[in-house]
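On a predicted model such as this, the values are computed, not experimentally measured, just so you know. Per chain, numbering begins at 1; letters A, B, ... match sequence-line order.
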Amino acid sequence: MTRVPTQGPASGPDDLAHTPRPGSLAARARAAAAPAPYLAGLNDEQRRAVEATEGPVLVLAGAGTGKTRVLTTRIAHLIATGLARPSGILAVTFTNKAAREMKERVAHLVGPAAEGMPWLGTFHAIGTKILRRHAELVGLRSDFTILDVDDQIRLLKQVLQAEGIDDKRWPARQLAGLIDGWKNRALTPQKVPHGEAAAFAHGRGAELYALYQERLKILNAADFGDLLLESIRLFQEHPDVLADYQQRFRYILVDEYQDTNVAQYLWLRLVAQAHRNLCCVGDDDQSIYGWRGAEVDNILRFEHDFPGATVVRLERNYRSTGHILAAASHLIAHNEGRLGKTLRTEDVPGEKVTITGAWDSEEEARLIGEEIEALHRKGHPLSEMAVLVRISAQMREIEDRFVQLGLPYRVIGGPRFYERLEIRDALAYLRCVVQPADDLAFERIFNTPKRGLGDATLQVLHAHARAARIPLMEAARFIVETEELKPKARKTLRDLLASFARWSQSLETMPHTELAEMVLEESGYTEMWQKDRSAEAAGRLENLKELIRSLEEFPDLPSFLEHVSLVMDAVENDTDDRVSIMTLHAAKGLEFDTVFLPGWEEGLFPNQRALDENGRAGLEEERRLAHVGLTRARRRAKLYFASNRRIHGLWSSTIPSRFIDELPEENVEITEAPVAYTYGSYGQSRFDMAEPFRSSYATPGWQRAQANSAGWASGRGAGNFAAGRVSGARRGGPLMIEGELVAKSTGTTSSFSAGDRVFHLKFGPGTVAAVDGNKLTVDFDKAGRKMVLDSFVERGS
DNA sequence: CACCGTGGGGTTTTT
DNA sequence: CCCCACGGTG
């Protein structure tokens with residue numbers, strides 16, 4: 001158990017603040033030793049982390065201990081001392097926001113010298129940059145497209161369909177999840193463990209994964225996982241390329257190391273091998289992305305993986321008051337798998353963490369609203385308050401209440417700008433203009449707005465595209481010259497193709513913002529929303545305008561699209577005074593004066609599913625989440641639990657979270673139970689007991705949770721054995737994704753000649769009258785003379 | 001081909 | 001309870 005001094009005597013005036021007062025002993029000593037201005041104000045450990053430039057370094061930085069400051073100062077130090085040029089430093093973050101922030105802060109410290117830190121960015125951005133330079137070595141072209149999750153699922157659906165797998169029983173989404181997980185662990189299709197592959201479509205998981213990868217290569221596309229996985233493959237298969245980057249990156253820094261997954265770890269290890277100047281900063285107690293493939297083990301094993309590593313612990317917290325820090329530290333001390341840090345603060349004890357029980361979630365929302373209004377009346381800005389929830393579904397009730405109260409709020413996270421329907425449609429148009437071979441983009445918009453081109457038309461396009469191994473739009477160009485489609489569809493499609501050809505031509509001659517506007521206008525996309533009478537339409541039009549506006553910040557369309565596919569968030573400059581509402585996950589890295597934490601109930605938090613699926617590890621991750629939540633607060637942390645909550649529409653009674661039991665008595669204050677609550681005879685907790693603090697695992701909460709999870713487990717997992725292989729679905733050579741029409745043509749030359757007897761699926765038997773490239777004029781026995789594509793006929797008698 | 005009704009399923013989320 | 005995706009109908 002970690003002991004946390006909450007109000008011990010301050011050890012000296014210098015410890016009270018980041019910056020020693022000028023003239024103080026410490027300041028004078030520092031000035032004498034090394035007058036580098038950027039080092040001023042660092043505490044001893046922070047300074048050690050900055051100055052230990054050589055060899056592997058692990059900085060264990062607890063919440064609020066100045067982690068970003070250490071990273072940025074370290075970069076400044078490397079540049080200022082001449083140890084490295086900006087281009088010789090590799091600095092990796094997880095989010096674009098973190099990358100942006102780091103860039104700004106480095107620039108602030110070292111001025112224009114930091115310009116051009118070309119290798120500061122997210123894992124994925126850096127992976128992309130490297131891949132584009134050597135794309136041909138991994139079977140891509142340098143202009144490969146990056147697929148988002150939507151595209152990925154659409155593509156997988158096609159693969160499943162082609163393989164005759166019922167995507168009801170085996171959803172593409174699920175397969176996408178599996179593949180994602182495999183990629184996170186750097187598993188290529190060949191390396192997927194047999195047992196795991198068996199979990200999908202009767203053991204065909206790995207095979208489908210392989211087929212998906214083939215399709216990606218054909219489309220000249222990479223998904224997010226590939227950005228890393230393919231660069232690993234590049235490094236492994238081309239040691240000369242790897243050696244080049246190893247030499248280039250003299251110093252490597254990694255932020256949020258606890259969030260790295262296996263692929264990222266392998267990638268780092270490859271790149272860091274030569275100089276071994278790898279500095280990882282992280283906090284094992286803030287690892288909350290295990291479900292997404294993050295491996296806490298990476299940080300726990302650092303000293304083992306990089307022998308001789310310097311380990312620096314940053315334990316002085318500059319953010320929270322004593323009570324909050326003590327509560328958070330005691331809570332996290334219940335975890336076993338941790339490196340262990342003892343957070344200290346020299347701040348005042350401050351207010352105790354409050355715990356409030358509500359009758360139901362509605363009352364909980366009401367109490368939070370009232371508290372916020374009370375604080376606001378006392379002069380606390382709303383922007384310094386946040387409500388942090390475990391799952392997004394909790395937000396609506398809170399929002400409803402805030403709306404009723406007229407309390408301004410903003411939801412952080414949620415569907416992001418570039419994920420909105422209208423934005424993705426607009427982007428798909430632009431992708432088609434820039435990259436006519438982008439099949440997934442074309443499919444997305446080819447009937448948006450509705451222009452009468454439906455599934456039937458799409459199937460015809462697909463059939464020819466596959467047979468001829470050409471992109472959809474190219475296939476369409478052939479098809480509109482024949483009579484495969486009904487005249488109406490043919491004309492519509494021809495017009496659409498003509499538009500795209502025109503737009504693509506304007507790429508060179510027209511400013512890209514104007515072009516984008518023109519595309520949306522002429523395609524009828526803008527008009528579609530103008531005509532729409534629904535409530536969202538106006539907002540969508542606004543968003544489209546915003547999209548055009550943001551285009552101005554880029555030199556051309558391709559660089560804009562690259563940015564979008566890697567950076568899914570748009571920068572918010574909302575400076576209004578509003579309360580923030582977000583999930584605990586979204587809150588990592590942020591801080592507020594007052595933090596409201598509703599929903600601390602068994603089943604919700606810790607989340608039942610996390611417990612069911614990951615047992616003890618799941619529980620520990622939930623506890624880290626609780627720790628993250630508490631440590632977001634500077635002055636006030638307010639916990640809530642409800643005795644009744646609606647889960648999937650059904651009311652059920654709930655009991656307080658075991659995490660509440662794990663908070664030390666002396667740091668919390670149980671606020672007056674609201675009247676309604678005393679009527680409830682639900683779930684005993686320490687709130688109605690004489691002796692409140694017993695072992696957590698003996699509480700009714702724990703026992704009930706156990707009972708529940710047993711019940712859940714037994715109710716699951718039956719059935720799933722009937723998918724069967726659809727008979728007749730053939731699988732051919734590597735490029736035969738679908739066992740349909742036999743590929744005979746590569747696009748322009750036909751193997752048919754006049755007089756051949758042929759059979760067409762739609763028109764029946766006939767005789768070839770003339771051949772023009774891949775187009776045939778056929779006299780059909782029943783349908784008369786038609787112009788068709790050779791890929792739609794078979795040799796017949 | 002478009003619309004509407006039903007049914008199933010429903011953490012957390014970045015890149 | 002609420003959102004989505006699919007299947008049937010006009």
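Remark: C1' of C:dA5 and CD of A:Gln174 are 16 Å apart, rounded to the nearest angstrom. The interatomic distance linking A:Leu388 (CG) with B:dT13 (C1') rounds to 16 Å, in whole Å. Across the protein-nucleic acid pair, A:Ile412 atom CD1 and B:dT14 atom P stand 12 Å apart, rounded to whole Å. Whole-Å rounding puts the A:Met395 CE to B:dT12 P distance at 9 Å. The distance from atom NE2 of A:His563 to atom P of B:dT15 is 11 Å, rounded to the nearest whole Å. Between the CD atom of A:Glu256 and the C1' atom of B:dT15 there is a distance of 14 Å, given to the nearest Å. We find that CD1 of A:Ile130 is positioned 18 Å from P of B:dT15, with the value rounded to whole Å. With rounding to whole Å, A:Phe605 atom CZ is found 16 Å from B:dT11 atom P.
Residue A:Thr122 has no polar side-chain atom (N or O) positioned under 4.0 Å from OP1 or OP2 of B:dT14. Within the structure, a side-chain polar atom (N or O) of A:Asn96 is placed less than 4.0 Å from OP1 or OP2 of B:dT15. Contact between the side-chain N/O atoms of A:Asn447 and the OP1/OP2 oxygens of B:dA2 is found at a separation under 4.0 Å. Side-chain nitrogen and oxygen atoms of A:Ser392 include at least one within less than 4.0 Å of the OP1 or OP2 phosphate oxygen of B:dT13. A sub-4.0 Å separation between OP1 or OP2 of C:dC6 and a side-chain N or O of A:Lys157 is present.
Nearest-nucleotide assignment on DNA chain B puts the 5′-proximal partner with A:Arg451, out of A:Arg451 and A:Ile288. Residue order along DNA chain B, read from the 5' end via each residue's closest nucleotide, puts A:Thr457 first among A:Glu621 and A:Thr457.
Within the nucleic acid shown, A:Asp455 comes within 4.0 Å of sugar-phosphate atoms alone, with no base atom in reach, counting heavy atoms only. At the heavy-atom level, A:Arg292 lies under 4.0 Å from base atoms of the strands shown. Counting non-hydrogen atoms under 4.0 angstrom, A:Gln394 reaches nothing in the nucleic acid. Using a 4.0 Å heavy-atom distance criterion, A:Leu453 is classed as a sugar-phosphate-only contact. Residue A:Ala586 is out of contact with every strand shown, counting any heavy-atom pair closer than 4.0 Å.
By the 30° and 60° cut-offs, the orientation of the rings of A:Trp291 relative to A:Tyr289 is tilted. Ring geometry, A:His563 versus A:Phe554: the interplanar angle falls from 30° to 60°, so the pair is classed tilted. Ring-plane geometry between A:Trp182 and A:Tyr209 is classed as parallel, the angle between the planes falling under 30 degrees on a 0 to 90 degree scale with a further cut at 60.
For a distance-only test at 3.5 Å, the side chain of A:Arg390 fails to qualify as a donor-acceptor partner of the base of B:dT11.
Applying the 6.0 Å contact sphere to NZ of A:Lys486 captures no more than 12 heavy atoms from other residues, nucleotides or ligands. For CD of A:Glu362, the number of neighbouring non-hydrogen atoms (other residues, nucleotides, ligands) closer than 6.0 Å is 12 at most. Residue-environment remark: CZ (A:Arg173) stays at or below the threshold of 12 foreign heavy atoms within 6.0 Å.
Glycosidic conformation, B:dT11: syn, with the torsion inside 90° of 0.
The nucleotide whose nearest atom lies closest to any side-chain atom of A:Asn607 is, among B:dT11, B:dT14, B:dT12, B:dT11. For A:His124, counting side-chain heavy atoms from C-beta on, the closest listed nucleotide (B:dT15, B:dC3, B:dT13) is B:dT15. Ranking B:dG10, B:dT12, B:dT15 by closeness to the A:Val149 side chain, first place goes to B:dT15. Listed nucleotides: B:dT11, B:dT15, B:dT14. Nearest to the side chain of A:Arg609: B:dT11. Out of B:dT15, B:dA2, C:dC2, the shortest distance to the side chain of A:Arg396 is found at C:dC2. Distances from the side chain of A:Lys450 to the nucleotides B:dA2, B:dT11, B:dT13 place B:dA2 closest.
Taking atom C1' on both C:dA5 and B:dT12, the two are 23 Å apart, rounded to the nearest angstrom. Taking atom C1' in both C:dC3 and B:dT14, one finds a spacing of 24 Å when rounded to whole Å.
Looking at A:Asn644 and A:Trp359, their side chains come closer than 4.5 Å, going by heavy atoms from C-beta outward.
A stacking contact between A:His648 and B:dG9 is absent: the pair does not combine a ring-centre distance of less than 5.5 Å to the base's six-membered ring with planes differing by less than 30°. By the 5.5 angstrom centroid cut-off and the 30-degree plane limit, A:Phe224 is classified as not stacked against the base of B:dT14.
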